[in-house]
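Structure first, then comments.
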Amino acid sequence: MSFLPQALVFLAAAVVAVPLFKRLGLGSVLGYLAAGMIIGPWGIGAISDVEAILHFSEFGVVLLLFLIGLELQPARLWELRKSVFGLGGLQVVGSGLLLAAAGKVAGLAPHTALIVGLGLSLSSTAFALQLLAEKNELTTDYGRASFGILLFQDLAVIPLLALLPVLGSSDSPSTEPTWLSALKGAGVLVGVILAGRFVLRPVFKVVASFHSQELFTATALLLVMGTAALVSAVGLSMALGAFLAGVLLADSEFRHELEADIEPFKGLLLGLFFIAVGMSVNIGLVSTYPLLVVGLVLGLVAIKAVALYAIGRWAFGGNEQALSMAIVISQGGEFAFVLFRLAVGFHVMDNRLADLMVVVVSLSMVTTPLLFASYARWIRPRFQQKAHREFEVAPEQDNPVIIAGMGRVGQVTARVLRAKRIGFTALDINSEHIDFIKRFGNKVHYGDAARLDLLRAARADKAKIFVLAIDDIEASVRAAETVVQHFPHLTVFARARNRQHAYRLLNLGIKHIMRETWVSSLEMTGEILQELGLTYSESHKTLERFRQHDEDLLMATFPFHKDEKKLSEMAARARAELESLFEKDAAEEKKAG
């Protein structure tokens, strides 16, 4: 098959499989792998030259490591030092040795068992971070710890790749002495570091002075590929060279521009790499040895989960966060594909074992969303019930203000009230959030603001104002319903996430509603208008006209907020009215001038 038909097959497979898998909550990596399995030799056989595709697509891994290097600023590493080097080191060494021991018991040679164990100890950075982001748990304690561990795993790939030549032998053994090869490698690395420190920035400054986006992108690709090729020429990993180039530019003023330029190429080539890996997955092993494959997948997930749970217990001192972390990063990772493939080239493992490990890692990724969904549904609620800090509300005095939700909005309100020495009682349902806020000397009480008994314990009957700053829309509406029904004397100031949220609060009779980002958006627009030449008074008058018009529109559309057709018609009329008002104001100003 020629280039164009092959490209069409790859693009079509990716475009169909990736959105489908993301919709199912299984992630894009599994989508690429599934696409490869379908179009490869074990599927419909549309593409047969897997080796050539793998060789080309490895540049995706090279670009990925370059971007990882760009992210590793010394200051950021220092902030995450405990979770990166402490927890991350424990996880890789602990899981790796346990898995290596299991491999040795299964009859693998010691050097093969070591690479298998360490390779399987790596988790999927893309997969785990996507899951944490979808669940909005990246900022939790276990989310931050998981990120640190994943970052260490990305770093650990470099020494693991460098370990392969030591444990095995290349297909084209060198005739020169080992010391000379080592000296060449060290010399090239030192040269790359010196060039990165003294040459790269001046070169990029010169290139940037031409103001050519294409030239800058070409230079960035030349840097990555050139460094990778130079390091590869002395027997080291291309990925190591790209990683070094990224680290050397991590603190440069061109970092964000480089990321933006390289990212599309990295995404496409890395997707192609996963498709190629999917094409090379030996489906015959699954049908021939189903029990063995299932057993290995469950064994991998179980061993990693046990090791991660033990680390989590030591780090957090509790079951819930430890178990959450154990599930989220219990799968195998994409770098295992790279490691096992290169291990075959260095005769550290044979093709059959590598094929089996690729199948095991791929299937282990499928278990993570399933395990996490089951955990969130059946197990996590029990932990939360046990940890339920009921009636942790005992204010020393009858405060005039109650703040429900100590996120971004609630914290700002609390800081101003504290500065003015106005008493308030703060409530939040997120125990981790509370513990974080308490570190800064702020007292927050645990509790669901929708519970009548808890609001009574917070002395809502003695308060004057209720600040509804809960982030979750459904929880916000439930709390509003309870307050309006049982404490009608309270004046409610509510935060609304969007217009539909505002409609639901209006429906409960709440009048003081602040739509999220509304005020800051108006302020920024005012500065934009002044930058474009309007005076302060002109921009202020324009924004005030717009604010009043939008507030009137909100109230006018409220009775019809469930009728999309009616809303659309009213919005169209409102746009025309607003334009007419601005034109009328402009005509009056011109006449007055």
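For this chain, numbers begin at 1 and follow the sequence in order. The structure presented is a predicted model; accordingly, all values stated were derived computationally and were not measured.
- Residues forming a side-chain hydrogen bond (donor to acceptor under 3.5 Å, both in side chains) with Glu481 (at least two apart in sequence, or on another chain): none.
- Residues meeting the side-chain hydrogen bond (donor to acceptor under 3.5 Å, both in side chains) test with Arg456, sequence neighbours left out: none.
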Stepwise side chain to side chain contact (heavy atoms under 4.5 Å, CB included) check, Leu356 with Val293: CA-CA 8 Å; Leu356 180 60; Val293 172; 4.0 Å; yes
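- For the atom pair NE2 (His501) and CD (Glu474), the distance works out to 8.5 Å, reported to the nearest 0.5 Å.
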Leu308/Ile329 under side chain to side chain contact (heavy atoms under 4.5 Å, CB included): CA gap, chis, key distance, verdict: CA-CA 8 Å; Leu308 285 162; Ile329 52 177; 3.5 Å; yes
Verdict with reasoning, Ile53 to Ile275, per side chain to side chain contact (heavy atoms under 4.5 Å, CB included): CA-CA 9 Å; Ile53 301 299; Ile275 290 178; over 6 Å; no
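- In this structure the side chain of Ile473 never reaches within 4.5 angstrom of the side chain of Gln500, judged on heavy atoms.
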Worked verdict on Asp471 versus Arg495 for side chain to side chain contact (heavy atoms under 4.5 Å, CB included): CA-CA 8 Å; Asp471 184 67; Arg495 161 206 187 184; 3.0 Å; yes
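- For Asn351, the side-chain contact (heavy atoms from CB on, under 4.5 Å) partners are Val344, not counting sequence neighbours.
- Thr367 OG1 to Leu300 CG: the interatomic distance, rounded to the nearest 0.5 Å, is 8.0 Å.
- Residue pairs meeting the side chain to side chain donor-acceptor pair (under 3.5 Å) criterion with at least one member in residues 299-310, sequence neighbours excluded, are Ser123-Lys304, Tyr309-Asn319.
- Here salt bridge (Lys or Arg N to Asp or Glu O under 4.0 Å) pairs that include residues 337-365, with residues two or more places apart or in two chains, are Glu51-Arg341, Glu58-Arg341.
- Not counting sequence neighbours, the partners of Leu87 by the side-chain contact (heavy atoms from CB on, under 4.5 Å) test are Ser83, Ala145, Ile149, Ile311, Trp314, Ala315.
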